[in-house]
A.B. asks: 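Here it is, the structure, as structure tokens.
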Amino acid sequence: MSRMYDYLVPSVNFMGPGCLKVVGERAKMLGGKKVLIVTDKFLKNQENGAVEQTVKYLEEAGLEIAIYDGTEPNPKDTNVAEGLKVFKEENCDMIVTVGGGSPHDCGKGIGIAATHEGDLYNYAGIETLTNALPPILAVNTTAGTASEVTRHCVITNTKTKVKYVIVSWRNLPLVSFNDPELMVGKPAGLTAATGMDALTHAVEAYVSKDANPVTDASAIQSIKLIANNLRQAVAMGDNIEARTNMSYASLLAGMAFNNGNLGYVHAMAHQLGGLYDMPHGVANAMLLPHVCKYNVISNPQKFADIAEFMGEKIDGLSVHEAAQKAIDAMFRLSKDIGIPTSLKEKGIKEEDFEYMAEMALKDGNAFSNPRKGNEKDIVNIFKSAY
């Protein structure tokens with residue numbers, strides 16, 4: 001069956017050690033006068049960290065600075081409202097997000113709120129935005145979420161404790177920066193969680209109903225890089241080669257899922273993040289092999305491919321045996337880098353499974369999952385991860 005695809009990435013993407021140095025000149029090229037930096041308190045308070053360096057390069061280029069550092073993990077609608085207040089009071093005309101997925105998503109949310117009337121929740125869905133956002137530049141500090149190159153803005157509704165996604169080409173940052181020097185020395189737990197987030201992006205995009213040869217190319221290379229570098233990045237945080245390769249892997253995975261979409265892992269992980277404030281990467285990592293086990297019959301050859309990409313020996317195995325090797329490799333990688341092994345040990349309650357399953361099937365990521373399931377199926381996957 002023939003079909004049409006679109007392919008979206010930021011207009012300009014800088015990558016490699018030292019690329020942050022051009023953030024000021026790029027912001028100036030876009031005509032900004034006063035920049036709102038959106039970040040969190042941890043990054044804001046780091047001496048000579050990503051925020052301090054970004055401020056220096058922006059000021060050297062002649063731009064004025066305001067900072068909102070109230071972003072929380074799984075950014076809330078309240079964070080967006082606070083950031084919008086600063087944006088307006090300081091008369092900002094541009095947004096620079098500094099951090100991982102939370103500041104990037106919060107910054108996108110502020111951009112939406114600054115240009116669209118009413119409750120942000122009203123824009124949940126695909127291509128609901130009608131107005132251009134202020135120019136957004138995204139300085140990335142983790143190898144995982146890839147929000148710096150995607151059209152997704154994920155916000156938690158504090159009233160319902162449900163994560164919702166605003167998906168629009170208007171959300172795309174105009175310029176992204178993936179400087180692995182900003183990732184050196186990040187804690188092992190954060191490196192592990194964000195790395196598994198990137199793997200989840202690549203795997204879900206590769207087996208998605210919306211995959212195509214262009215997204216497959218990005219996903220394949222990402223899976224290979226993660227399998228060969230994540231353990232080293234976790235074990236030795238100052239390994240610049242592993243950090244650089246993980247930054248490429250995250251970027252490639254972002255390009256893959258931004259255009260090939262995701263599946264049940266993300267749809268379910270959003271419920272754990274919304275209801276329990278579980279870190280997104282940890283939720284993905286714990287669910288990934290269980291969802292893959294459920295999905296494997298939809299396309300065993302693709303899962304056999306994933307086993308090979310992850311370095312598994314599959315010579316002489318049947319397609320189904322090789323596909324199982326991929327799932328084994330995911331479990332083993334998670335264990336090696338210290339990801340928790342069960343939802344139970346993270347305090348998740350079984351009585352929430354049915355509600356989370358219902359909400360997961362309404363999540364925008366559910367529609368591109370390669371196997372169509374029902375609430376009972378999703379509950380059973382939660383149980384298998386429990």
A.B. asks: Going by the rule side-chain contact (heavy atoms from CB on, under 4.5 Å), which residues pair with Ala285 if we only count those two or more places apart in sequence or in a different chain?
C.D. replies: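 For Ala285 the side-chain contact (heavy atoms from CB on, under 4.5 Å) partners, ignoring immediate neighbours, are Met196, Ser334, Ile339.
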A.B. asks: Determine the sole option in Met286, Glu350, Lys349 for which the side chain to side chain contact (heavy atoms under 4.5 Å, CB included) test with Leu343 is passed.
C.D. replies: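 Going through the options one by one, the only one that passes is Met286.
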A.B. asks: What class does the angle between the rings of Tyr164 and Tyr121 fall in, given that below 30° is parallel, 30 to 60° is tilted and above 60° is perpendicular?
C.D. replies: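 Rings of Tyr164 and Tyr121: perpendicular, as their planes differ by over 60°.
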A.B. asks: Under 4.5 Å between side-chain heavy atoms, counting indirect links through other Ile/Leu/Val/Met/Phe/Trp/Tyr residues: same cluster for Val86 and Ile67 or not?
C.D. replies: no
A.B. asks: For the residue pair Phe331 and His290, categorise the inter-ring angle as parallel (less than 30°), tilted (30 to 60°) or perpendicular (more than 60°).
C.D. replies: perpendicular
A.B. asks: Is any side-chain heavy atom of Ser247 closer than 4.5 Å to one of Met183?
C.D. replies: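 Yes - at least one pair of side-chain heavy atoms lies under 4.5 Å apart.
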A.B. asks: List the steps, then state whether side-chain contact (heavy atoms from CB on, under 4.5 Å) holds for Phe177 with Val22.
C.D. replies: CA-CA 9 Å; Phe177 301 85; Val22 297; 3.7 Å; yes
A.B. asks: What orientation do His152 and Phe257 show, parallel under 30°, tilted 30 to 60°, or perpendicular over 60°?
C.D. replies: tilted
A.B. asks: With the threshold set at 4.0 Å, does a side-chain nitrogen-carboxylate oxygen contact exist between Asp69 and Lys41?
C.D. replies: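 Salt bridge between Asp69 and Lys41, a charged N being under 4.0 Å from a carboxylate O: yes.
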A.B. asks: Please determine if Asp6 and Arg151 form a salt bridge, counting it only when a charged side-chain N lies under 4.0 Å from a carboxylate O.
C.D. replies: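 Answer for the salt bridge query: yes.
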A.B. asks: Check step by step if side-chain contact (heavy atoms from CB on, under 4.5 Å) holds for Asn79 and Lys76.
C.D. replies: CA-CA 5 Å; Asn79 301 155; Lys76 318 290 188 286; 3.8 Å; yes
A.B. asks: Asp210 and Arg3: side-chain contact (heavy atoms from CB on, under 4.5 Å), yes or no, with the steps?
C.D. replies: CA-CA 10 Å; Asp210 298 327; Arg3 58 175 286 192; 3.1 Å; yes
A.B. asks: Taking a hydrophobic cluster as the set of Ile, Leu, Val, Met, Phe, Trp and Tyr residues connected by side-chain heavy atoms closer than 4.5 Å, whether directly or through intermediates, do Val282 and Leu199 fall within one such cluster?
C.D. replies: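 Shared cluster, yes.
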A.B. asks: For Phe353, is the NZ or CZ atom of Lys383 found under 6.0 angstrom from the centre of its six-membered ring and inside 45 degrees of the ring axis?
C.D. replies: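 Not flagged: Lys383 not positioned over aromatic ring of Phe353.
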A.B. asks: Picking from Thr150, Asn13, Asn140, what satisfies side chain to side chain donor-acceptor pair (under 3.5 Å) with Ser176?
C.D. replies: Asn13
A.B. asks: Is it the case that one hydrophobic cluster holds both Ile381 and Val203, taking links as side-chain heavy atoms less than 4.5 Å apart, direct or via other members?
C.D. replies: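 Yes: a chain of side-chain contacts under 4.5 Å links Ile381 to Val203.
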A.B. asks: Do you know the tightest heavy-atom contact between Lys325 and Ala307?
C.D. replies: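 Between these two residues, the closest heavy atoms are CB-CB, 3.9 Å.
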A.B. asks: With sequence neighbours left out, write down each residue that passes side-chain hydrogen bond (donor to acceptor under 3.5 Å, both in side chains) with Asn212, or none if nothing qualifies.
C.D. replies: none
A.B. asks: Could you go through Ile112 and Cys153, starting from their C-alpha distance and side-chain angles, then the distance that decides it, and tell me whether this counts as side-chain contact (heavy atoms from CB on, under 4.5 Å)?
C.D. replies: CA-CA 9 Å; Ile112 295 166; Cys153 170; 4.1 Å; yes
A.B. asks: Just wondering, do Asn365 and Met268 contact through their side chains at under 4.5 Å, heavy atoms?
C.D. replies: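 No, side chains not in contact.
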A.B. asks: Could you tell me if Tyr264 and Asn295 have a donor-acceptor pair between their side chains, going purely by distance under 3.5 Å?
C.D. replies: no
A.B. asks: Are Val154 and Met359 connected into the same hydrophobic cluster when the rule is that any two of I, L, V, M, F, W, Y join if their side-chain heavy atoms are below 4.5 Å apart?
C.D. replies: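 Hydrophobic grouping puts Met359 apart from Val154.
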A.B. asks: Is it possible for you to say whether Met236 and Leu225 belong to one hydrophobic cluster, with membership spreading through side-chain heavy-atom contacts below 4.5 Å?
C.D. replies: no
